[in-house]
Structures are given as C-alpha cells and as structure tokens.
Amino acid sequence: MPRRLNIALVGPGLVGTAFIRQLASLPPRPVQLCLVALVRSNAAILAKDINALDPMSSLSSLDSSASSVSPAALASFLSSLPDPAILVDATASDTLPQAYHLFLARGIHIATPNKRAFASSAALYAQIHEAATLGNANLFHESTVGAALPVISTLHDLIDTGDSVLRIDGIFSGTLSYIFNHFSPATHSSALSFSQIVTQAKQLGYTEPDPRDDLNGIDVARKLVILSRILGLNVDSTSSFPVNSLVPKSLESATLDDFLEKLPDHDSYFEKIRTDAQQNDMVVRYVGSINVATGELKVALDSFPKSHPFAALQSSDNLISFWTKRYGDRPLIIQGAGAGADVTAMGVLADVIRASREIIQNT
C-alpha cells in the first residue's frame, strides 16, 4: 500500500511559497507528503532517486538553479517515480493548464488555485476531464472559488446527495468586497470617494498590481463559470453573459499611472449610485449570480437592504448563498476570507491531503 504522495510544485510565488511553508510545518501523516520537484518558468529542482527535497532549503536555492523543465518532462519525471504523484499548479497563467492533460493521462493528480483550466474554453475543460478519466486521476481545485472556503465541495455535496440547486448568489471578490464595504457601509456614511477607496485598497495590497484586473469583474465571472460547469450548465466562456465592468471605458487602455490619476474624474458616477442606495436605506455590493433554472449568469453592481447578509460583510470577506430545494427560503451561506496567500495555500494543501486520503482508500 502506498504510504507516500510525491508533490511537484510549479509557481513558488506568494501562494506557492505559503504552500511550501505550510507543507514544511505539517506533523507526520499516514501518507508521507514528499516534495520532489520545485519549478518556476526558468528554474527547476528535481529530487534524485526517491529522496524528497527539503521544502524550505529548496525554495532558498531555486534562484541559483540553472536548469529548467518543460511540462512534458515534468510529467515524465513524476510518472517514473514508484509512488503516486500530484502536480500543484500555483501559477495564475494559462500556460500550464494547457498541459494538464499530459499529467492526468499518466495518472498524476492535480491540485490548483488556478482558474484558467476550469473557466476558459469549453474545449480545454473537456480535454482535461477526458484525460483525468483516461488516467484515473483526480482534479482538486477547491481554492479556485473562495480560496479555502468550502464552496466547491459544498456544491458537490448538494448535487451528490440529490438536492436541487436553484440559485447561487455571492460576493466572490475579496477586493471588491473590501472596496464596497468601505464605500457603502451599512452602519454609517462614508466620506471617501470611490477612487480614494480603490487607491487605499491598492496601497494595502488588496488589489492586483493593476486594480483594473479586479474592477473589470472577470475574476468573479471565472468563478461563476467554474460553478456553472459543475452544475452541468453549458457556459462557453466569461464572455457568454453580462459582466458589469467598473473600469471607465476611457481608462481601459490607459497606463496604470494615468488610470489612477484620472479615476477621480469618474467619482460622480459612483457617488450617484451610493446616494441612490442610501436614500432607499440600502447598500451597494458587487455580486455574481447563477439562475440554474434559466441558465442565466450575471455579474453586476447592485443595491441591497441593510438587513441583507451582503450588507453585514466585514473587510474583504466573501459570502456565497446556495438556494436549494431542501434549504427552502433560508439559503445555505458560506462566509469568510476568500482571498490571501495563506488561506489560498491552505485550500491547496487541504486538497493535497484529500488526495493522500484517497490513495489509502483506493489501495
């Protein structure tokens, strides 16, 4: 019976580094979790023979590595090892997901927070799942929606136990949660303009380096595509449904400096939305929704009563509501930190541990 799971980590950035730290601090487990490969685009360290790499020292020495490894070569290396293996893709690019099928077809599991494989073209999505079936490998991607929040596993549980999911509504972006919790708080009036809060969120590290990557709503749209495909809905891409971008048209192609400098020129637009909501004793929130019956998806800025669960959110929390036949008019709500390197890495590590449990169950 295998008592070891070999791990290859690609992308030791913020999330990947947090994953390494958490892996290194784990107590002994029934299945030993062994790092055997640490890879970035221009450097790689592979374990020799069956020896595992020391996670922290390998991370420190990766910069001095002169070697690199292609996805095909990495898949070949992992499949040559005597024990099961899992690829941890901690990148945010669309390059490695294009090669997922090479790993899955060889029986190598995948755990990732990378949304690209699950929210891009329907053809890539089908190819990946066909390869997983062929290789009898598992795809773990809990942290693609809500970081370490149990959103995907909860949805699978609802479906697998025969419940009917009618609708999903949620605040899926930690960045936009922070912005609108401060722009339109439920307990008091905010004196800060929209542009001031965006700048503040950027300075605190809540946004992407370019805040437009959050404000355009595409990240939220990707999460809806992921959940919709699990529900069996035929969604081709994020361009298949309305996505309310908060980036002014005139600033879409501007340099980052120009965008930040000129965003205050558009504060009056957002101020009117806030004032209209306040006059109706409501708050403004950026929400993604899936209507399962009609197959309609929507990402939009909307107003909600101050009694609504969305109004009570703090800081950068996510909140996802599952409206189902069993839960009736009181939805199942999942709430908590939905972003950040540590919680995202925790979600990925939890998926790796799930993979190790399945190794025991299936052997």
Side-chain angles (χ1 to χ4, degrees), residues 92 97 100 110-126 128-129 132 138-177 214 216-244 285-300 302 309-310 313 317-327 331-339 343-344 347-348 350-351 354:
Y100 279 2
I110 293 176
T112 183
N114 190 335
K115 305 175 190 66
R116 304 305 176 109
F118 311 97
S120 57
S121 74
L124 176 61
Y125 187 78
I128 288 170
H129 283 273
N138 291 313
L139 280 161
F140 299 92
H141 61 105
E142 181 70 75
S143 50
T144 56
V145 180
L149 296 179
V151 178
I152 289 177
S153 56
T154 297
L155 180 57
H156 278 299
D157 287 346
L158 292 169
I159 295 170
D160 292 345
T161 59
D163 199 356
S164 297
V165 180
L166 309 175
R167 195 172 86 241
I168 300 175
D169 299 318
I171 293 178
F172 291 92
S173 166
T175 300
L176 295 172
S177 178
D214 298 296
N216 63 17
I218 296 301
D219 184 65
V220 175
R222 288 190 182 111
K223 294 173 183 179
L224 293 191
V225 172
I226 291 168
L227 296 178
S228 296
R229 287 175 172 171
I230 293 171
L231 285 162
L233 300 180
N234 184 19
V235 181
D236 185 60
S237 69
T238 57
S239 61
S240 304
F241 53 93
V243 178
N244 179 192
R285 297 292 182 264
Y286 194 83
V287 174
S289 61
I290 303 170
N291 185 320
V292 181
T294 63
E296 294 178 337
L297 283 67
K298 183 176 72 170
V299 178
D302 208 344
F310 289 162
L313 282 181
D317 278 3
N318 285 183
L319 189 154
I320 294 88
S321 301
F322 292 95
W323 298 84
T324 80
K325 183 177 180 181
R326 288 183 184 147
Y327 280 86
L332 169 61
I333 292 177
I334 297 173
Q335 179 180 344
V343 291
T344 302
V348 178
D351 276 343
R354 287 187 191 96

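No experiment lies behind these values; they were computed from the predicted model shown.
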Pairs flagged by side chain to side chain donor-acceptor pair (under 3.5 Å) wherever residues 147-162 is involved - sequence neighbours left out: E142-S153, T161-R326
Results of ring-ring contact (aromatic ring centres under 6.0 Å, His included) for Y125 - residues two or more places apart only: H129
Pair I230-F118, side-chain contact (heavy atoms from CB on, under 4.5 Å): steps then yes or no: CA-CA 10 Å; I230 293 171; F118 311 97; over 6 Å; no
For T144, all residues meeting side chain to side chain donor-acceptor pair (under 3.5 Å), sequence neighbours excluded: H141
Closest non-hydrogen atom pair between P309 and L319, with its separation: O-CD1, 3.8 Å
Under 3.5 Å: donor-acceptor pair, side chain of K115, backbone of K223: no
Closest approach of I333 to S321 (non-hydrogen atoms, all atoms of both residues): CG1-OG, 3.7 Å
S237: side chain to side chain donor-acceptor pair (under 3.5 Å) partners, not counting sequence neighbours: S239
Minimum side-chain heavy-atom gap F322-V151 below 4.5 Å: yes
Within-4.5 Å side-chain heavy-atom neighbours: T324 and L332: no
By side-chain contact (heavy atoms from CB on, under 4.5 Å) - contacts of A221 (at least two apart): T238, F241, V243, V299
Contacts of I171 that satisfy side-chain contact (heavy atoms from CB on, under 4.5 Å) - sequence neighbours left out: S177, R285, V287, F310, L313
Heavy-atom closest pair, residues A148 and V343: CB-O, 3.1 Å
Partners meeting salt bridge (charged side-chain N to carboxylate O under 4.0 Å, His left out) with D317 (sequence neighbours left out): none
Distance-minimising heavy-atom pair for S228 and I290: OG-CD1, 3.4 Å
Set of side-chain contact (heavy atoms from CB on, under 4.5 Å) partners for P242, sequence neighbours left out: none
Note, I152 side chain near L227 side chain (heavy atom, < 4.5 Å): yes
Residues in salt bridge (charged side-chain N to carboxylate O under 4.0 Å, His left out) contact with D214, at least two apart in sequence or another chain: none
Reported CG-to-OG distance for the pair D219 and S173, which is rounded to 0.5 angstrom: 6.0 Å
Test side chain to side chain donor-acceptor pair (under 3.5 Å) applied to N244 - qualifying residues, sequence neighbours left out: none
Nearest atoms (heavy-atom pairs only) where A111 meets D351: CB-CB, 4.0 Å
Non-hydrogen side-chain atoms of V348 and F140 separated by less than 4.5 Å: no
Sole residue of L155, I226, V220 in side-chain contact (heavy atoms from CB on, under 4.5 Å) with V145: I226
Side chain to side chain, L297 and S289, heavy atoms closer than 4.5 Å: no
Criterion side-chain contact (heavy atoms from CB on, under 4.5 Å) on L233 and R229, from CA distance to verdict: CA-CA 5 Å; L233 300 180; R229 287 175 172 171; over 6 Å; no
Member of V165, D169, I168 meeting the side-chain contact (heavy atoms from CB on, under 4.5 Å) criterion with W323: D169
side-chain contact (heavy atoms from CB on, under 4.5 Å) partners of A92, counting only residues at least two apart: none
N216: side chain to side chain donor-acceptor pair (under 3.5 Å) partners, not counting sequence neighbours: none
CA sep, side-chain torsions, deciding dist, call: Y327, L158, side-chain contact (heavy atoms from CB on, under 4.5 Å): CA-CA 10 Å; Y327 280 86; L158 292 169; 4.0 Å; yes
side-chain contact (heavy atoms from CB on, under 4.5 Å) evaluation trace for D163 with K325: CA-CA 6 Å; D163 199 356; K325 183 177 180 181; 3.7 Å; yes
From OG (S164) to CG (L231), nearest 0.5 Å: 11.0 Å
Nearest heavy atoms of L149 and G338, plus distance in Å: CD1-CA, 4.3 Å
